[in-house]
Amino acid sequence: MKPVKIGIIGLGTVGGGTVNVLKRNAEEIARRAGRQIVIARASAKDLSKQRICDTTGIELTTDPYDIINDPEIEIVCELIGGAGAVKDMVLAAIAKHKHVVTANKSLIALHGNEIFAEASKQGVIVAFEAAVAGGIPIIKAIREGLSGNHIEWLAGIINGTGNFILTEMRDKGRDFYDVLKEAQALGYAEADPTFDVEGIDAGHKLTILASIAFGIPLQFDKVYTEGITKITREDVEYAEELGFRIKHLGIARQTAKGIELRVHPTLIPERRLIANVDGVKNAVLVYGDAVGPTLYYGAGAGAEPTASAVVADIIDVVRALTSDPENRVPHLAFQADALHNVPVLPPEQFKTAYYLRLNAEDKPGVLADVTRILAQHHISIDSIIQLKPLDDCALVPVILLTQITLEQEMNAAIAEIEALSTVNGKINRIRLETLG
Ligand code: NDP
Ligand code: HSE
């Protein structure tokens with residue numbers, strides 16, 4: 001059979017890794033795909049740059065449209081990133097009846113609804129396995145492997161850079177920005193690293209996961225995001241003393257009232273496997289009504305782990321080239337006309353347990369005031385610990401672990417406790433999930 005010609009737009013970390021994997025494993029890949037896959041053209045901004053891949057035999061260009069407009073190319077791999085000019089490139093490729101493979105989560109989270117609608121009109125596939133959790137085939141697992149289940153919730157460490165930073169800070173006492181710089185040098189971080197540390201990248205990924213898990217449209221604007229920048233060393237240490245780890249999680253949960261979509265630092269019991277996922281590794285825990293909990297683990301970023309997912313998508317597309325477009329696996333797991341607009345809950349409606357840390361004056365009645373306020377807001381306390389006084393000061397740190405409560409009640413209780421004259425400064429609040 002005639003080889004399939006593909007074009008790769010972007011030859012950085014992921015594009016370079018993709019070229020390497022496609023070239024190194026060409027023979028096995030052809031045996032799997034049923035046809036040889038040839039990288040006919042590739043594009044980068046600066047062709048004089050040194051690459052991590054060998055581009056011998058590939059026609060190079062600085063203009064992505066040379067690839068998009070090439071009638072010989074059947075699959076376009078978009079590996080640039082961003083959601084501006086790249087959206088036009090992807091729509092242009094679709095309009096030219098090209099299949100698209102992308103690793104771009106911001107593009108899918110922000111414009112996926114429109115892109116998939118156009119792709120369906122043109123009868124082409126837009127594949128995006130690499131957009132979530134790097135090399136872990138989590139899209140395929142949920143979309144195909146778990147398609148018989150009603151998925152109740154999922155929770156994941158879905159940003160490699162963030163997990164790498166938290167792990168290095170905890171295990172080696174390293175400085176936040178020093179580790180971030182290393183993550184950038186290793187090619188893990190986004191072009192704008194605030195996306196990694198402020199939870200935006202995880203929010204993009206959660207948007208995609210929730211859509212394929214629950215059959216809802218992509219809606220990034222409704223995701224609550226909180227990053228890792230406010231996690232303190234004290235909280236990490238106190239949490240560990242209490243048998244918890246602090247991980248940055250993306251959580252999507254179906255409730256009777258709607259769907260919770262939230263990204264934030266979370267205390268999780270250290271006995272859970274996911275609490276022990278360190279470094280650039282990601283893990284996603286998915287709870288289906290039939291299967292129960294399932295856990296997916298692997299590298300969340302980096303050249304070849306991500307290329308693994310990109311190449312798998314390319315092979316999938318090649319296998320489907322001759323299939324009936326009407327009868328392919330739907331882009332978002334559910335048939336496009338069967339997506340439901342289930343309400344996404346505002347943060348005040350979230351239900352979760354909490355870790356609270358406050359600094360209180362060391363005198364009788366202070367804790368009684370705090371517990372009275374919590375009780376007035378129907379918040380039950382699981383444990384309360386008063387630590388040694390802080391150096392040279394009359395304040396004592398107090399840690400409270402609560403049971404599951406409505407966030408709205410917690411917000412009100414925190415405001416009242418902070419207003420007590422015996423409580424100093426702001427309360428540090430971290431959500432807690434047992435993931436049982
Ligand atoms: P890089 O910055 O390493 O690579 C981007 C590439 O795009 C570069 O080769 C750059 O060219 C090229 N490029 C930029 N603008 C243009 C343009 N206008 N025309 C042609 N080429 C252009 O990014 P990554 O490889 O890290 O990320 C790519 C995508 O993959 C992003 O969407 C990212 O979110 C996603 N992703 C990244 C992962 C990772 O571990 N890095 C993991 C999973 C997903 P030049 O080299 O000449 O500057
Ligand atoms: N910047 C992302 C991360 C890349 O660190 O997880 C993988 O999507």
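Each residue takes its place number in the sequence, starting with 1. Counting starts at 1 for both ligands and their atoms, in listed order. Quantities reported herein were computed from a predicted structural model and do not represent experimental measurements.
- Distances from atom 29 (C) of ligand 1 to the heavy atoms of Ile52, Asn159, Ile80 put Ile80 nearest.
- Of the charged side-chain nitrogens involved, at least one lies within less than 4.0 Å of a carboxylate oxygen, so that Glu418 and Lys426 count as a salt-bridged pair.
- By the 4.0 Å N-to-carboxylate-O rule, Glu78 lies too far from Lys87 to be salt-bridged with it.
- Looking at Ala189 against ligand 2, only its backbone comes within 4.0 Å, counting heavy atoms.
- Contact between Gly300 and ligand 2 is present, with at least one heavy atom of the residue lying under 4.0 Å from the ligand.
- Those atoms of ligand 2 that come under 4.0 Å of a heavy atom in Asp196, given as number and element, are 1 (N), 2 (C), 3 (C), 5 (O).
- Of all protein heavy atoms, the one closest to atom 40 (O) of ligand 1 is Gly302 N, 2.7 Å.
- Between Asp278 and Lys247 there is a salt bridge, since a side-chain N of the basic residue sits under 4.0 Å from a carboxylate O of the acidic one.
- Counting the atoms of ligand 2 from 1 in the order shown, those under 4.0 Å from a heavy atom of Asn159 are 2 (C), 3 (C), 5 (O), 6 (O).
- Ligand 1 places these atoms under 4.0 Å from at least one heavy atom of Ser43: 20 (C), 21 (N).
- Taking distance alone, with nitrogen or oxygen atoms compared against 3.5 Å, Arg51 approaches ligand 1 more closely than that limit.
- Protein heavy atom in closest approach to atom 43 (C) of ligand 1: Thr306 CG2, 3.3 Å.
- Around CG of Leu47, the count of heavy atoms belonging to other residues, nucleotides or ligands within 6.0 Å exceeds 12.
- Residue contacts with ligand 1 leave out Glu78, since none of its heavy atoms falls under 4.0 Å from the ligand.
- Close approach of ligand 2 to Lys105 (heavy-atom distance below 4.0 Å) involves ligand atoms 2 (C), 4 (C), 7 (C), 8 (O).
- Near Asp46, the atoms of ligand 1 lying under 4.0 angstrom from a non-hydrogen atom of the residue are 47 (O).
- Here the protein heavy atom with the shortest distance to atom 37 (C) of ligand 1 is Val14 CG2, 3.4 Å.
- Using a 4.0 Å heavy-atom cutoff, Ala130 is listed among the residues neighbouring ligand 1.
- For ligand 1 and Asn104, the ligand atoms under 4.0 Å from any heavy atom of the residue are 32 (O).
- Considering each of Ala103, Gly160, Ala202, the one bringing a non-hydrogen atom nearest atom 6 (O) of ligand 2 is Gly160.
- Remark: the Arg32 side chain and the Asn25 side chain contain no N/O donor-acceptor pair separated by less than 3.5 Å.
- Between atom CD of residue Glu260 and atom NZ of residue Lys222 there is a gap of 15.0 Å, rounded to the nearest 0.5 Å.
- Ion pairing between Lys5 and Asp70 fails under the 4.0 Å rule for side-chain N and carboxylate O.
- Scanning the protein heavy atoms around atom 8 (C) of ligand 1, the nearest turns out to be Gly12 N, 3.7 Å.
- Near Glu190, the atoms of ligand 2 lying under 4.0 angstrom from a non-hydrogen atom of the residue are 1 (N), 2 (C), 4 (C).
- When only modelled atom types and interatomic distance are considered, Asn428 and Asp235 share a side-chain donor-acceptor pair under 3.5 Å.
- A salt bridge does not link Arg170 to Glu237: none of the charged nitrogens lies less than 4.0 Å from a carboxylate oxygen.
- Side chains of Asn104 and Ser106: a donor-acceptor N/O pair is present below 3.5 angstrom, by distance only.
- Taking any N or O of Asn282, backbone or side chain, none lies under 3.5 Å from an N or O belonging to ligand 2.
- Between Lys121 and Glu118 there is a salt bridge, with a side-chain nitrogen of the basic residue lying less than 4.0 Å from a carboxylate oxygen of the acidic one.
- Taking distance alone, with nitrogen or oxygen atoms compared against 3.5 Å, Ala301 stays at or beyond that limit from ligand 1.
- Put simply, the side chain of Arg357 never gets that close to the backbone of Tyr238: no donor and acceptor are under 3.5 Å apart.
- In terms of polar-atom proximity, Leu11 is counted as a contact of ligand 1, with an N or O under 3.5 Å from an N or O of the ligand.
- In summary, Arg245 and Glu240 engage in a salt bridge, as defined by a charged side-chain N under 4.0 Å from a carboxylate O.
- At most 12 non-hydrogen atoms from other residues, nucleotides or ligands lie less than 6.0 angstrom from NZ of Lys96.
- Remark: distances from the non-hydrogen atoms of Gly187 to ligand 1 include one below 4.0 Å.
- Note: no N/O pair closer than 3.5 Å links Gly10 and ligand 1 by distance alone.
- The protein atom (non-hydrogen) at minimum distance from atom 5 (O) of ligand 2 is Thr161 OG1, 2.6 Å.
- Looking from atom 45 (P) of ligand 1 to the surrounding protein, the closest heavy atom is Lys49 NZ, 3.4 Å.
- Protein heavy atom closest to atom 10 (C) of ligand 1, with residue, atom name and distance, is Lys45 N, 4.2 Å.
- Close approach of ligand 2 to Lys205 is summarised as follows: ligand atoms under 4.0 Å from at least one heavy atom of the residue are 2 (C), 3 (C), 6 (O), 7 (C), 8 (O).
- For atom 35 (C) of ligand 1, the closest heavy atom belonging to the protein is Ala103 O, 3.4 Å.
- Ligand 1 places these atoms under 4.0 Å from at least one heavy atom of Glu190: 33 (C), 34 (O).
- Nearest protein neighbour of atom 26 (O) of ligand 1, counting heavy atoms only, is Thr13 CB, 3.6 Å.
- Counting only non-hydrogen atoms, the option in His204, Lys105, Lys205, Glu129 that gets closest to atom 36 (N) of ligand 1 is Lys105.
- Taking every non-hydrogen atom of Pro64 and a distance limit under 4.0 Å, the qualifying atoms of ligand 1 come out as 19 (N), 20 (C).
- Closest approach of Leu261 to Ala210, counting heavy atoms only: CD2-CB, 3.4 Å.
- For atom 4 (O) of ligand 1, the protein comes within 4.0 Å by at least one heavy atom.
- Residue Asp201 approaches ligand 2 through these ligand atoms, each under 4.0 Å from one of its heavy atoms: 2 (C), 6 (O).
- At under 3.5 Å, not a single nitrogen or oxygen of Ala303, backbone or side chain, sits near a nitrogen or oxygen of ligand 1.
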Criterion salt bridge (charged side-chain N to carboxylate O under 4.0 Å, His left out) on Arg319 and Asp316, from CA distance to verdict: CA-CA 5 Å; Arg319 286 169 173 159; Asp316 262 1; 3.6 Å; yes
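- Tyr188 and Phe164 have their aromatic ring centers within a separation under 6.0 angstrom.
- Inspection of the Tyr354 and Thr352 side chains reveals no N or O donor paired with an N or O acceptor under 3.5 Å.
- With respect to Glu226, the salt bridge (charged side-chain N to carboxylate O under 4.0 Å, His left out) criterion is satisfied by exactly one of Arg429, Arg262, Arg431: Arg431.
- With respect to Glu72 and Lys2, no salt bridge is recorded, no charged nitrogen being found less than 4.0 Å from a carboxylate O.
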